Amino acid sequence: GENVEQHPSTLSVQEGDSAVIKCTYSDSASNYFPWYKQELGKRPQLIIDIRSNVGEKKDQRIAVTLNKTAKHFSLHITETQPEDSAVYFCAAEAAGNKLTFGGGTRVLVKP
Amino acid sequence: NAGVTQTPKFQVLKTGQSMTLQCAQDMNHEYMSWYRQDPGMGLRLIHYSVGAGITDQGEVPNGYNVSRSTTEDFPLRLLSAAPSQTSVYFCASSGDRGFQPQHFGDGTRLSIL
């Protein structure tokens with residue numbers, strides 16, 4: 001089955017700097033890659049997603065890039081703000097249209 | 001719109017007890033799913049449904065049952081609770097992304113003693 005690895009597990013950045021989270025996946029047939037943000041004690045929220053026919057997608061301060069050849073995709077957050085502090089999860093659509101999640105990255109934005 | 005509503009928010013059970021976690025959505029979404037989230041891990045799919053009357057197993061279905069008699073409701077039943085089922089459970093729905101979770105409920109924090 002699909003295996004998704006996410007790095008780093010924790011990330012501390014200064015407010016205003018950029019943050020990058022990387023995920024690799026194993027199933028070359030996967031074609032949908034969402035990212036979720038989860039604040040402490042709250043529900044996960046879908047923040048951006050990308051399909052395999054697109055190499056990059058942007059939404060304001062967040063962007064996702066996909067390299068299908070290398071089987072990795074990344075989340076980029078620019079001009080980080082304290083409210084960006086949360087746990088971020090990547091996921092990849094596995095066989096049977098089921099999502100496999102990465103282990104999460106705890107992002108701390110220091111004022 | 002309430003979105004996805006889960007009840008209860010917290011529950012403590014004894015080993016061997018059964019219970020049902022409720023999930024309802026008011027967005028007329030066809031796709032609904034249940035995930036569990038354990039400390040330090042991502043979400044794992046338990047069961048999912050692509051429409052009323054249709055359910056299927058996810059990654060970790062053992063010990064859980066689901067049914068989908070209406071579009072709105074997707075309850076998750078624990079048949080005989082075990083300590084390994086201590087977790088936070090999230091219900092999710094999706095309208096336009098296939099059955100990939102688009103809207104999550106607030107979660108149910110379940111402890112099995």
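Numbers restart at 1 for each chain; the letters A, B, ... are given by sequence-line order, proteins then strands. Just so we're clear, the structure is a prediction, and the values are computed from it rather than from any experiment.
More than 12 heavy atoms of other shown residues, nucleotides or ligands fall within 6.0 angstrom of atom CD1 in B/Ile54. Shown here is A/Lys22, whose NZ atom has no more than 12 heavy atoms of other residues, nucleotides or ligands within 6.0 Å. Counting heavy atoms of neighbouring residues, nucleotides and ligands inside a 6.0 Å radius, atom CD of A/Glu79 does not exceed 12 of them. Heavy-atom neighbours of A/Glu83 CD from other residues, nucleotides or ligands within 6.0 Å: above the threshold of 12.
When the side chains of ILVMFWY residues are joined at heavy-atom separations under 4.5 Å, either directly or via intervening members, B/Phe90 and B/Tyr31 end up in a single hydrophobic cluster. Under a hydrophobic clustering in which Ile, Leu, Val, Met, Phe, Trp and Tyr are joined whenever their side-chain heavy atoms come within less than 4.5 Å, directly or via other members, A/Ile77 and A/Phe89 fall into different clusters. Hydrophobic clustering (ILVMFWY, side-chain heavy atoms < 4.5 Å, transitive): B/Leu79 and B/Leu76 are in distinct clusters. Two different hydrophobic clusters hold A/Tyr32 and A/Val64 under the rule that ILVMFWY side chains link at heavy-atom gaps under 4.5 Å.
Residues B/Leu43 and A/Phe101 share a closest heavy-atom pair of O-CD1, 3.2 Å. For the pair A/Leu46 and B/Gln102, the tightest heavy-atom approach, listed with the atom from each and the gap, is CB-O, 4.0 Å.
For A/Gln38, the part sitting under 4.5 Å from any heavy atom of chain B is the side chain, from C-beta outward, and nothing else. For chain B, the nearby parts of A/Pro44 are the backbone and the side chain; heavy atoms of each come within less than 4.5 Å.
Applying a 4.5 Å heavy-atom cutoff, the residues of residues 102-111 of chain A that approach chain B are A/Gly102, A/Gly103.
B/Gln11 pairs by the side-chain contact (heavy atoms from CB on, under 4.5 Å) definition with B/Pro8, B/Leu13, B/Met19, B/Leu110, not counting sequence neighbours.
When each of B/His103, B/Arg44, B/Gln37 is scored by its heavy-atom pairs under 4.5 Å with chain A, the top score falls to B/Gln37.
Rounding to the nearest 0.5 Å gives a distance of 5.0 Å between CZ of B/Phe104 and OH of A/Tyr36.
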